[in-house]
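Notes follow the structure.
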Amino acid sequence: MKYKIPRGTQDILPAQSKKWQYIEQKAHDLCKRYNYQEIRTPMFEQTELFARGVGDTTDIVQKEMYTFEDRGGRSLTLRPEGTASTVRAFVENKMHGWADQPVKLYYIGPMFRYERPQSGRMRQFVQLGVEAMGSADPAIDAEVIGLAMDFYRELGLKNLKLVVNSLGDKESRNNHRNALIDHFKPRISEFCGDCQSRLEKNPLRILDCKVDRDHELMSSAPSILDYLNEESLDYFKKVQQFLNDMEIPYEVDATLVRGLDYYNNTAFEIMIDGEGFGAITTLTGGGRYNGLVEEIGGPTTPGIGFALSLERLLMALDTQGVELPVEQGLDAYLVTMGDQAKEAAPKLLHQLRKKGLTVDGDYLGRKMKGQMKAADRQQAEYVLILGEDELAQNSVMVKTMATGEQELIKLNEIMEKIGK
RNA sequence: GCGGUUGUGGCGAAGUGGUUAACGCACCGGAUUGUGAUUCCGGCACUCGUGGGUUCAAUUCCCAUCAGCCGCCCCA
């Protein structure tokens, strides 16, 4: 085989694409109910947008971006996530001036990260993302979380765990950050190299270090929750109250950290429990980003959103044995015998398709038995047999595959027999 | 970026330093001039991820490389 698919990408073949269509449609329907509207942004942007928007210190920017130069010498990057692009579009199209606020948007599309592929992690993967901009009401935090949970629930996914945390506002974060540095600094040499470099750059991330997770300073580390100022704490409590009201179970995990720099206040993840799933259990990640719009060059505008992976969703549905109600099978399969009947096939097939039926016929010159097998394999509800006899009577033999019964039907009455 | 593991027909899967690379499924044809099951018969890999090397000889040994899978890091 001369050409091979690029690493970390996949071809989605028909058996799978049916499922994709189903969950994508589900996403569109659900977002509509929540009154989120679709936005489609380019799959690549100026590199600087992601560097600024996602954060220079993040792994995404430091080592995972697909960056290239175009013929005009511009540095472009395949989008590694959707929020930065959405915010850029928000600012560029002056959505902050729209009459309807907040602006509630969603997108479904491929994202790209240069990483070592692994179960649940591809170099090209599809995210459903939701962003609500223009409101700092905790009710919308709860709405966004509720939307994600509803999506999974309606698809039949179980054993989900919603984890929420608050990263606090700028003041709270700074106080906490300083407390963390004070806590770890005296004994930072006991920690791994990554943690040592995290100390100054992003001490929060020391908390989810896997290497040093059992170090005594971990459990005794200052919790962000103890550093939330009154406003942040009040906000967090309201989000929780709304979740309670909506009867959405959740856990508060003070160590939940978002990897991207733009988050503040609400942060959440939806994870999947249970066996059979790989090491990666996060299905959805999201949170509030009140400083991002300004960072990208727009007016001060609060925002919140999440992104979830469709690949991981499909994987989760699979491990839980959830069967999606995907349509399959033909309404009818046309079997022809003899040259005359074969000549008549295109016209008949075309007419049936115009009436809205899903039909197919033979294009390999197979004999009747072969055509019948094909009809059976493709789960045709009816087989239409057209031979010399039927042709002579301007009719077709209609066989109901489930029962084996068959009946000679006039061509102009065929829809009355097999129409839906 | 690092580690482990795997790479034989459409799929699953044996196999050996040496004439013709098992088998199963699927598919195609025939037995059955017009009917989906079963059965029987026949067909279906100049080739064993790719490129080198060792050898009289390599799918089998060695090296490299690519890719899949799994894990670390991190995330969706």
Side-chain angles (χ1 to χ4, degrees), chain A residues 1-10 13 15 54 57-64 79-83 108-130 148 192-195 197-198 202 205 208-211 256-260 268-272 277-287 305-316 333 335-338 341 364-391 396-406:
Chain A
M1 197 89 70
K2 193 169 181 183
Y3 298 108
K4 286 197 288 192
I5 194 168
R7 182 155 210 211
T9 65
Q10 61 176 153
L13 304 181
V54 177
T57 66
T58 61
D59 279 2
I60 289 180
V61 170
Q62 285 190 338
K63 53 183 200 187
E64 296 174 1
R79 62 181 182 192
E81 56 100 52
T83 302
I108 300 174
M111 305 296 162
F112 307 84
R113 291 184 200 173
Y114 191 90
E115 295 184 276
R116 202 67 180 266
Q118 184 187 324
S119 176
R121 196 172 66 189
M122 306 282 288
R123 289 185 172 182
Q124 176 177 332
F125 58 99
V126 178
Q127 284 188 337
L128 161 64
V130 161
C192 70
D194 282 341
C195 283
S197 61
R198 282 172 184 141
N202 196 347
R205 282 213 254 163
D208 59 4
C209 176
K210 303 294 185 293
V211 181
L256 175 66
V257 182
R258 303 266 75 233
L260 283 50
F268 69 97
E269 268 186 27
I270 300 171
M271 299 188 283
I272 185 156
F277 219 69
I280 294 169
T281 56
T282 300
L283 260 33
T284 297
F306 69 75
L308 63 83
S309 157
L310 262 40
E311 281 84 358
R312 289 184 189 177
L313 166 61
L314 251 359
M315 215 185 309
Y333 188 96
V335 170
T336 61
M337 279 174 320
L364 294 175
R366 281 184 291 221
K367 303 202 168 163
M368 185 177 203
K369 187 187 176 91
Q371 295 185 48
M372 289 300 297
K373 286 179 79 165
D376 189 41
R377 205 165 43 231
Q378 300 199 48
Q379 301 177 55
E381 190 176 352
Y382 298 101
V383 164
L384 312 178
I385 302 168
L386 190 64
E388 306 297 318
D389 300 346
E390 290 80 6
L391 222 44
V396 65
M397 190 64 80
V398 177
K399 176 165 184 171
T400 306
M401 293 297 268
T403 63
E405 294 164 0
Q406 58 184 42

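Chain naming here is simple, since letters A, B, ... match the order of the sequence lines and numbering starts at 1 in each.
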Got a list of protein N/O to nucleotides 36-39 of chain B N/O distances below 3.5 Å?
from: B/G36; atom 1: O2'; to: A/Asp376; atom 2: OD2; distance (Å): 2.7
from: B/G36; atom 1: N7; to: A/Lys399; atom 2: NZ; distance (Å): 3.0
from: B/G36; atom 1: O6; to: A/Met401; atom 2: O; distance (Å): 3.0
from: B/G36; atom 1: N1; to: A/Met401; atom 2: O; distance (Å): 2.4
from: B/G36; atom 1: N2; to: A/Asp376; atom 2: OD1; distance (Å): 3.0
from: B/G36; atom 1: N3; to: A/Asp376; atom 2: OD1; distance (Å): 3.3

Filtered N/O pairs between nucleotides 67-69 of chain B and protein, under 3.5 Å:
from: B/G68; atom 1: OP1; to: A/Gly8; atom 2: N; distance (Å): 3.1
from: B/G68; atom 1: OP2; to: A/Arg7; atom 2: NE; distance (Å): 2.6

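Checking A/Tyr114 against A/Ile270, the closest nucleotide of RNA chain B that is more toward the 5' end is the one next to A/Tyr114.
Counting non-hydrogen atoms under 4.0 angstrom, A/Ala375 reaches nothing in the nucleic acid. Within 4.0 Å of A/Gly120, counting heavy atoms only, lies at least one base atom of the nucleic acid. In this structure, A/Leu283 reaches the sugar-phosphate backbone alone: every heavy-atom distance under 4.0 Å involves primed, P, OP1 or OP2 atoms, never a base. When heavy atoms are screened at a 4.0 angstrom cut-off, A/Gln371 is found touching no nucleic acid atom at all. A/Leu308 comes within 4.0 angstrom of nothing in the nucleic acid, heavy atoms only. As judged by a 4.0 angstrom heavy-atom cut-off over every strand, A/Arg366 is placed among residues touching the sugar-phosphate backbone only. Using a 4.0 Å heavy-atom criterion, one finds that A/Glu390 contacts the bases of the nucleic acid, with or without backbone contacts as well.
Where pairing requires Watson-Crick or G-U contacts shorter than 3.5 Å, the helical stems of RNA chain B with at least three consecutive pairs are B:1-7 with B:66-72, B:10-12 with B:23-25, B:27-31 with B:39-43, B:49-53 with B:61-65.
In plain terms, the two heavy atoms of A/Ala341 and A/Leu386 that are nearest each other are CB-O, 3.2 Å.
If you take CD of A/Glu64 and P of B/A76, they are 10 Å apart, rounded to a whole angstrom.
Among residues two or more places apart in sequence or in another chain, the side chain to side chain contact (heavy atoms under 4.5 Å, CB included) test is passed with A/Met337 by A/Met368, A/Ile385. Remark: A/Glu311 pairs with no residue by the side chain to side chain donor-acceptor pair (under 3.5 Å) rule, at least two apart or across chains. In this structure, the side chain to side chain donor-acceptor pair (under 3.5 Å) partners of A/Thr282, at least two apart in sequence or on a different chain, are A/Glu269. Every side chain to side chain contact (heavy atoms under 4.5 Å, CB included) that A/Leu364 has, sequence neighbours left out, goes to A/Asp362, A/Arg366. A/Thr284 meets the side chain to side chain donor-acceptor pair (under 3.5 Å) test with A/Tyr152; sequence neighbours excluded.
No donor-acceptor contact under 3.5 Å links the side chain of A/Arg121 to the base of B/A76. For B/A76, the base has no donor-acceptor partner in the side chain of A/Glu269 [N/O atoms by modelled type, under 3.5 angstrom].
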Q.
Is there a side-chain contact (heavy atoms from CB on, under 4.5 Å) between A/Leu308 and A/Ile270? Walk through the geometry before answering.
A. CA-CA 9 Å; A/Leu308 63 83; A/Ile270 300 171; over 6 Å; no
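A heavy-atom distance below 4.0 Å to RNA chain B is reached by these residues of residues 309-316 of chain A, ordered by number: A/Ser309, A/Arg312.
Judged as a salt bridge (charged side-chain N to carboxylate O under 4.0 Å, His left out), not a single pair has a partner in residues 381-391 of chain A (not counting sequence neighbours).
Remark: the separation of the C1' atoms in B/G15 and B/U60 is 9 Å, to the nearest Å. Using P as the reference atom, B/U55 and B/C46 are 29 Å apart when rounded to the nearest Å. Between B/C62 and B/C25, the distance separating the two C1' atoms is 36 Å to the nearest Å.
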Return all side-chain donor-acceptor pairs below 3.5 angstrom for residues 110-125 of chain A, not counting sequence neighbours, or 'none' if the list is empty.
from: A/Arg113; atom 1: NE; to: A/Pro80; atom 2: O; distance (Å): 2.8
from: A/Arg113; atom 1: NH2; to: A/Pro80; atom 2: O; distance (Å): 3.0
from: A/Gln118; atom 1: OE1; to: A/Arg121; atom 2: NH2; distance (Å): 3.3
from: A/Arg121; atom 1: NE; to: A/Arg116; atom 2: O; distance (Å): 3.2
from: A/Arg121; atom 1: NH2; to: A/Arg116; atom 2: O; distance (Å): 2.8
from: A/Arg123; atom 1: NE; to: A/Glu115; atom 2: O; distance (Å): 2.7
from: A/Arg123; atom 1: NH2; to: A/Glu115; atom 2: O; distance (Å): 3.3

